[in-house]
Colleague: 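Dropping a structure here in structure tokens format, bear with me for questions.
Throughout, a chain's letter reflects where its sequence line sits, starting with A, and its residues are numbered from 1.
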Amino acid sequence: MKYNHLDIEKKWQKYWETEKTFKTQEFEKLDKSKPKYYALDMFPYPSGEGLHVGHPEGYTATDIISRFKIMKGFNVLHPMGWDAFGLPTEQFALKTGIHPKIRTAECIAKFKHQLKSIGFAYDWDREVNTSEPEFFRWTQWIFLKLYNSYFDDADQKAKPIGELPIPEDLTENQRIEFINSQRLAYLADGPVNWCPELGTVLANEEVAEQLEKGFSVVRKNMKQWKLRITKYADRLLEGLESLDWPENIKEIQRNWIGRKTGANIIFRIKSPGQNTNHSIEVFTTRPDTIFGATYLVLSPEHEMVDLITTADRKKGVDDYKLKAAKKSDLERTELAKEKTGVFTGAYAINPANGKEIPVMISDYVLISYGTGAIMSVPAHDGRDNDFARIFNLEIFPVVIPVHLKDHAIKEIKSDEHGELIISGKGVSGLTGRDDSYLKYIENIQRGSEYFEGEGYCINSDFLNGLKTDEAIERVITWLEANKIGSRAINYKLRDWLFSRQRYWGEPFPILHENDTQFALSEGELPLELPAVESYHPTGTGESPLAAIDWWVNVTTEDGRHFKRETNTMPQLAGSSWYFLRYLDPDNNKEFCNPDIEKYWMPVDVYIGGSEHAVGHLLYSRFWMKVLFDLGYVSHDEPFRKLFNQGMILGEDGVKMSKSRGNVINPDEVINEFGADSMRLFEMFMGPLEATKPWSTEGIAGMNRFLNRTWRLIIDESSGEIKSNIVDRAPEEKELKIINKTIKKITTDIEDGDMKFNTSIAQLMIFLNEVYKYDTISKGIIEKFILVLAPFTPHICEELWQRIGHQESISKQPWPHFEEKYVKEDSVVIALSVNGKLRDKIEVEFNTSENELEQKALDNEKIIKNIMGKEVKRIIVVKNRMVNIVV
RNA sequence: GCCGAAGUGGUGAAAUUGGUAUACACGCAUGACUCAAAAUCAUGUGAGGGCAACCUCGUGUGGGUUCGAGUCCCACCUUCGGCACCA
């Protein structure tokens with residue numbers, strides 16, 4: 001009976017399925033005295049291509065942990081489902097005429113079959129599918145909660161819209177408008193990313209992906225649904241602190257949120273020939289440089305542009321605006337080789353020094369950030385510097401680096417440059433006598449240098465001599481006292497663009513009556529998609545749903561006419577909460593029972609790719625916080641520990657792709673070597689987070705290891721247990737190697753570093769060791785099979801059964817290790833002279849320092865090396881080494 | 001340009017966190033079994049020198065700290081991620 005992975009794997013997969021081995025008990029039946037463990041995989045989008053070898057990498061890691069935790073006596077939740085709404089399926093439908101629903105079902109069947117063939121311990125009874133009405137009913141329900149809530153700034157939390165304090169003396173229309181302006185889900189008119197090829201708008205984080213695929217994205221003004229995630233910016237930022245997430249993902253989220261503190265400053269406008277009552281507000285993170293602001297720049301879209309532009313400049317400004325509007329975002333940002341802009345003819349008054357400074361417009365200033373206008377400080381900002389040099393605008397230095405402080409003082413004494421540092425804390429006496437300060441000033445004024453760092457203020461009147469952080473505080477106080485500005489915070493984060501002009505997504509539970517919106521009641525959910533013949537975009541920028549008259553038009557009994565919202569929700573809607581549905585998948589009264597949520601959440605380990613850093617992972621955190629505020633869940637962070645698996649490259653060391661022909665198909669790998677070999681190899685390749693190339697020779701090695709394991713235990717001619725596996729008490733050497741192995745694997749899984757490569761190495765060391773023995777204790781072999789089982793469950797079930805057990809190995813308790821067997825009783829001591837290794841000796845564990853020193857000095861090779869030299873010092877480290885310094 | 005991570009044999013990678021560098025595996029070489037091959041088993045395998053015991057060098061490069069550095073500090077080089085007119 002040779003090791004036949006095909007038969008064994010099929011047999012046990014069938015067993016697990018029919019016995020429901022990995023079913024997690026319903027909440028009522030759950031033994032709550034046991035600790036819980038929720039191991040979650042990022043659920044896949046079921047594409048037509050099926051799994052690639054990258055998918056099972058993270059899945060195998062969570063599977064090992066889950067199986068380990070089950071054996072450790074935890075209640076384990078380890079579910080799987082489908083992120084089933086999405087563009088590729090709809091694109092496929094357009095091409096082939098196959099309904100997305102049918103296509104999705106096919107793809108899911110394929111994925112599910114593949115996942116089962118790898119032997120994952122999922123509880124398939126909890127499978128979810130975001131495109132099924134019973135699931136998206138609750139996605140729509142959460143949308144209604146967002147729509148019917150507002151964010152209370154004072155309490156920093158969401159509350160039901162009914163609690164919104166409404167200003168008195170509003171007309172009915174104003175009242176509705178006010179309420180709408182506070183909803184967490186709202187309709188907004190504005191520029192969005194429009195993809196003509198797909199016929200839909202895209203969220204900011206989706207743009208790069210589609211551009212990579214060769215599609216174009218242009219800016220277009222459209223009325224779209226948005227979610228007010230920006231209200232949660234601070235909480236999303238602070239929440240990161242408590243999470244056990246990779247530092248780089250936290251950093252990406254911090255950057256994406258992009259919280260910046262500074263000040264808004266008001267500049268009065270003086271526009272020749274125009275009414276001069278205008279003023280413009282700018283945002284800056286460096287209000288301390290206000291004396292260096294030598295011009296203002298407005299975004300071309302800024303509402304003040306037309307009001308301040310002088311007659312003689314009107315044509316130039318209009319031309320520029322038109323050009324800027326036509327440019328795509330790509331042209332405006334990525335190809336920003338040379339800055340462009342025009343003068344409006346207007347001047348602003350720098351409130352700090354009263355100077356008149358020109359007002360320019362340029363598309364390097366974004367309308368969507370801050371106030372859409374900036375004060376330019378070309379001496380201390382690279383972008384402003386570029387622009388100033390092109391347009392020959394004044395550059396005026398107002399900050400010096402710390403190292404020039406003392407030189408600046410020298411210049412005051414020589415009285416050449418006038419208004420420099422004369423006060424400030426900690427100013428010390430003169431030091432150098434060189435002209436590095438003068439050179440700095442000259443370089444700045446020439447434009448050949450700019451300085452963005454922090455330092456000390458110069459040329460800045462009441463700020464002179466202050467350090468940057470002190471100056472910022474001082475100037476904000478001054479601005480606020482004079483009512484020309486205030487402290488301000490800005491975020492890069494934008495509200496989440498939440499609608500798509502596509503068919504294959506969740507319909508919005510919203511009716512329109514002219515310009516007024518009405519939400520469906522919860523009882524009317526789910527609002528299902530109409531079955532249609534054609535999914536072709538309408539070409540008008542509307543969703544295909546807009547063409548389905550019978551679905552769109554709704555007339556109520558009292559004769560009112562409504563139109564349904566025809567946009568659908570984005571793919572990231574369903575994935576923002578799916579991990580909650582696994583907890584209570586059949587509940588038709590709530591999206592999840594609160595007691596069940598309280599027990600299972602948060603997710604204890606969440607494994608997936610780092611490409612979801614700012615999309616899925618940010619939106620899930622956002623929705624969780626909203627549900628928390630409204631009292632539907634008891635945790636406000638969903639994922640306690642996050643881990644990103646690395647990419648698996650092709651055998652040639654580059655990214656797998658069809659065009660390169662280096663794609664490895666897991667079905668073929670499983671067929672040839674077995675699921676156990678594949679699981680083992682994917683974990684043996686290296687640490688989980690590392691990017692590493694596939695190797696067919698490598699997986700053959702894993703198969704060899706499993707064959708060796710099989711032959712150690714099973715007599716290949718009879719299929720019985722080999723006669724040298726003996727039912728006897730274990731020997732000392734057996735106890736040592738097995739305890740060491742159990743300890744290594746236990747700690748490797750529990751420490752959360754996901755370095756299973758070293759666990760597998762230890763299993764191999766064990767096997768190599770016991771292969772030397774004439775007979776092996778059966779008890780020792782059983783423990784070995786138990787600790788191997790989470791990695792290669794099929795072969796272990798088979799061996800476990802053949803060794804004489806009835807019950808599945810998956811439910812056996814995890815073996816304990818005893819520290820006394822793990823400790824070595826003799827250690828090898830390194831003997832060195834001047835740090836160079838000269839000999840090694842074996843001594844008893846815990847041999848005293850004195851004895852070690854004596855042994856070293858008696859050692860032949862050491863004597864040879866220190867002969868004729870003076871021994872200066874001897875360093876002895878117990879159980880490690882002796883170093884003799886001569 | 002800015003931020004982050006990493007550079008160790010022919011290859012994937014280990015290294016108890018400052019104490020024997022290269023565990024484990026792949027590959028390769030030699031041998032055993034075989035008519036032969038595959039499979040399997042055994043032995044060897046960082047580089048250089050020497051018949052040998054042994055010696056010298058060696059963790060991207062150059063410095064430093066230390067009795068002792070893959071590990072700590074400084075500078076540089078390279079690679080991979082992320083951000084990139086966000087004022």
Colleague: What I want to check is whether an N or O donor and acceptor connect the side chain of A/Lys339 with the base of B/C85 at under 3.5 Å.
Modeller: yes
Colleague: State plainly whether the residues A/Glu57 and A/Lys692 are in salt-bridge range, i.e. N to O under 4.0 Å.
Modeller: yes
Colleague: Want to settle it: does A/Arg286 or A/Val827 sit nearer the 5' end of RNA chain B, counting the closest nucleotide to each?
Modeller: A/Val827
Colleague: Given Watson-Crick or G-U pairs with both distances under 3.5 Å, what dot-bracket string fits RNA chain B, with | for other-strand pairs and [ ] for crossing?
Modeller: (((((((..(((......[....)))((((((.......))))))((((....))))..(((((..]....))))))))))))....
Colleague: For A/Ala761 and A/Thr691, find the nucleotide of RNA chain B closest to each by heavy atoms; which residue's nucleotide sits nearer the 5' end?
Modeller: A/Thr691
Colleague: Please list residues of residues 878-886 of chain A whose heavy atoms come under 4.0 Å from any atom in RNA chain B, ordered by number; otherwise none.
Modeller: A/Arg880, A/Met881, A/Asn883, A/Val885
Colleague: How close do A/Ser368 and A/Arg494 get, counting heavy atoms only, and between which atoms?
Modeller: OG-NH1, 3.0 Å
Colleague: When the C1' atoms of B/C72 and B/C57 are compared, how many Å lie between them, rounded to an integer?
Modeller: 24 Å
Colleague: Would you say the side chains of A/Glu697 and A/Ser695 form a donor-acceptor pair under 3.5 Å?
Modeller: no
Colleague: Answer with yes or no whether the side chains of A/Asp381 and A/Asn385 bring together a donor and an acceptor at under 3.5 Å.
Modeller: no
Colleague: At less than 4.0 Å, is any side-chain N or O atom of A/Arg873 found next to OP1 or OP2 of B/G68? Yes or no.
Modeller: no
Colleague: Base, sugar-phosphate, or nothing for A/Thr285, non-hydrogen atoms under 4.0 angstrom?
Modeller: sugar-phosphate
Colleague: Charged N to carboxylate O below 4.0 Å: is that the case for A/Asp288 and A/Arg286?
Modeller: yes
Colleague: Select base, sugar-phosphate, or nothing to describe what A/Asn707 touches, counting heavy atoms under 4.0 Å on all strands.
Modeller: nothing
Colleague: When you check the gap from the basic side-chain N to the acidic O, do A/Arg679 and A/Glu682 get nearer than 4.0 Å?
Modeller: no
Colleague: What is the nucleic acid contact for A/Ile765, judged by heavy atoms within less than 4.0 Å: base, sugar-phosphate only, or nothing?
Modeller: sugar-phosphate
Colleague: Please measure how far the C1' atom in B/G12 lies from the corresponding atom in B/C76, and state the result in whole Å.
Modeller: 29 Å
Colleague: A/Phe387 ring centre to A/Lys339 NZ or CZ under 6.0 Å, with the angle to the axis within 45°?
Modeller: no
Colleague: Output yes when at least one side-chain N/O atom of A/Asn248 is less than 4.0 Å from OP1 or OP2 of B/C83, else no.
Modeller: no
Colleague: Could you run through nucleotides 43-60 of chain B and give me one letter per nucleotide, 5' to 3': B if any protein heavy atom sits under 4.0 Å from the base, S if only the sugar-phosphate is that close, - if neither?
Modeller: -----------SSSS---
Colleague: Contact class for A/Met375 vs. all strands (heavy atom < 4.0 Å): base, sugar-phosphate, or nothing?
Modeller: nothing
Colleague: Parallel, tilted or perpendicular: which one describes the rings of A/Trp694 and A/Phe681, with boundaries at 30° and 60°?
Modeller: perpendicular
Colleague: Are any of A/Arg704's side-chain N or O atoms less than 4.0 Å away from OP1 or OP2 of B/U40?
Modeller: yes
